[in-house]
Amino acid sequence: MALKFYNSLTKKKEVFTPLNEGRVNMYVCGPTVYDHPHIGHAKSYVSFDVIVRYLRYLDYKVRYVQNITDVGHLTDNADAGEDKILKRAQRERVEPAELVEIYTKSYFEDMDALNNLRPDISPRATAHIPEQIEIVEKLIEKGFAYASNGSVYFDVQKFTEYGKLSGRKQEELEAGARIEINPEKRNPSDFALWKKAEPGHIMRWKSPWGEGFPGWHLECSAMSMKYLGQTLDIHGGGLENIFPHHECEIAQSEAANKSPFVRYWIHNNMVTVNGQKMGKSLGNFVTLKDAFTKYNPLTIRFFILTTHYRSPLDFSNEALDAADKGLERLYNTIVNLREQIDSAKDGSTPSGIYEKLEHYKKTFLEAMDEDINTPGAIAALFDLSKDVNTLLNSGQEISKMCLEDIDRLCQELAGNILGIIPKTFESKKKGEADVLDNVMRVIIDTRNELRKAKQWQLSDFIRNKLTEIGIALDDKPDSTAWKRIKK
RNA sequence: GGCGGCAUCGCCAAGUGGACUAAGGCCACGGUUUGCAAAACCGUUACCCUGGGUUCGAAUCCCAGUGCCGCCUCCA
């Protein structure tokens, strides 16, 4: 078994081998923090989170860097329009630094809720201005860039490999391009490394070319280089960034360093909402904070993972509801499993159980190895869950050790790798001196007395009333369990 | 106009040359279990967009067509 990734650069699935054995340097384009994160962010960062988790599961020492863009991302394209941060800050009447703080916090809040592990480093563009200036100077020195009227542009014609990632050719770019003619540029497809700050532009830094601010593409090159070296093992991002963003990153970095920038380019596909592209201009944005009011964040995470990261994901209530029920099924198994662990006595080890566990684990890992096929991995989980359910319902006494081994495997695959298992199940608060639990005990005992007396009407009344307030009862042969449900 | 992707059961979604008489989830319908439920389990439902071709063999490769989508302003 070997982990394979689809590499956008070569357009092929390739066996993954890091530059340095046992270590993986990974960079993922982070958010521009000028608004609350939306479900598109969720798809992207959940996808890469699972990649990081899986690499670590495979014992790679991963350094995961994800930038925070807090300057330089312009509204029209990378070199025209207003700075998004600045524009929004003016609208909300706050300092740009304040705005950035608000939305960075919001971003991490939502990513935490989705159970994404924090990146090892979350560098900010504004904290790396000197590094960016340094690259610009280097590029000018080497003849790849030129200063023009206080701005600096990358001379695309000097970098013959420009277009190798996106498959775009220079001539084509210029032909149909919607790029406005900028007299400062030698060539329409040249892109800004450094922009001159007009009077009144408050986000500005001193540079050899006068006061200005960095171009958007530059930060990723500067920060990845600083924290991960000249050649990255993995660079990830949304596929809408292939051109121009990633193409420009390659040009800058490789022109400056003369070494390959990235070994594996990984791009995730986009989110649509009810079949329609989600876009700023279309105004059909779904923020995560909104989505979380209707769905558990882990449901959204699970939903994202039921589709391959390179496939588009359509966000609709029907699909989310279906995912929610599916996840509930998985949770039921684990909740029941843990319940039996608590009450387990000396039982036996069912024959063939370890072979089965091994089989499902293998199926799961093989799916993950094939370019992180999470839908396949999840299918293996459902198969496992079915077998476990059968076992748990069989009525036979199973040894505690065996049950714990099953639980451990579930935790390993669904918990550690996919991150879809909550730390504690809200519905069960076992081991806690929980008032509700005690009250429920009294109600259940009372109701079971009624059931013994065949008082069905009254016992059904109690159960129905509890269902109405969001508590489900589950009558088993020798006991009754309860859990919280969604109303 | 240029570049790229997709079309698999009612819905979602894996599979990308041979164990596919096509995984898994949701929904529906039968059944087992239950005092009745719930949960769980068993069962039922696909000529893989169309037409050619390559091959001993194709959902999987090639060509053509049809439909949908993304990128080439902004966006993860």
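No experiment lies behind these values; they were computed from the predicted model shown.
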How is A/D460 classified with respect to the nucleic acid when contacts are heavy atoms under 4.0 Å: base, sugar-phosphate, or nothing?
-> base
Report the distance from atom CG of A/L458 to atom P of B/G35, rounded to the nearest whole Å.
-> 18 Å
Given B/C26, B/A76, B/A23, the nucleotide with the shortest approach to the side chain of A/K325 | B/C26
A/Y264-A/F16 aromatic ring centre distance below 6.0 Å = yes
Could you tell me whether A/D475 contacts a base, only the sugar-phosphate backbone, or nothing, with contacts defined as non-hydrogen atoms closer than 4.0 Å?
-> base
Between the side chains of A/R301 and A/N116, does any donor sit under 3.5 Å from an acceptor?
-> yes
Centroid-to-centroid, A/H128 to A/Y227, below 6.0 Å?
-> yes
Side-chain donor-acceptor contacts of residues 376-387 of chain A below 3.5 Å, not counting sequence neighbours, with atom names and distances?
from	atom 1	to	atom 2	distance (Å)
A/S385	OG	A/T333	OG1	3.1
A/D387	OD2	A/Y360	OH	2.8

Across the strands shown, which category fits A/N241 at heavy-atom distances under 4.0 angstrom: base, sugar-phosphate, nothing?
-> sugar-phosphate
Expressed in whole Å, how much space separates the C1' atoms belonging to B/C29 and B/G10?
-> 13 Å
With nearest nucleotides of RNA chain B determined for A/T333 and A/F302 from heavy-atom distances, which residue corresponds to the more 5′ nucleotide?
-> A/F302
Mind listing the residues from residues 382-392 of chain A sitting with a heavy atom below 4.0 Å of RNA chain B? Number order is fine.
-> A/F382, A/D383, A/K386, A/N389, A/T390
Within the pair A/R168 and B/G2, is there a side-chain N or O less than 4.0 Å away from OP1 or OP2?
-> no
At under 4.0 Å between heavy atoms, what does A/A379 touch on the DNA or RNA strands: base, sugar-phosphate, or nothing?
-> base
Look at all strands and tell whether A/R329 reaches a base, only sugar-phosphate, or nothing, counting heavy atoms closer than 4.0 Å.
-> sugar-phosphate
Once the angle between the rings of A/H41 and A/Y45 is folded into 0 to 90°, is it parallel (under 30°), tilted (30 to 60°) or perpendicular (over 60°)?
-> parallel
Give a yes/no answer on whether the side chain of A/S189 brings an N or O atom under 4.0 Å of OP1 or OP2 in B/C72.
-> no
In terms of the angle between their ring planes, are A/F315 and A/F303 parallel, tilted or perpendicular, with boundaries placed at 30° and 60°?
-> perpendicular
Looking for any heavy atom pair under 4.0 Å, which part of the strands does A/N373 touch: base, sugar-phosphate only, or nothing?
-> sugar-phosphate
5′-ward residue of the pair A/R451/A/F303 relative to RNA chain B = A/F303
Integer-rounded Å distance: B/C27 P and A/D321 CG | 10 Å
Assign A/G40 to base, sugar-phosphate, or nothing according to its heavy-atom contacts below 4.0 angstrom with the strands shown.
-> base
Within the 6.0 Å centroid threshold, strictly below: A/H217 and A/H246 | no
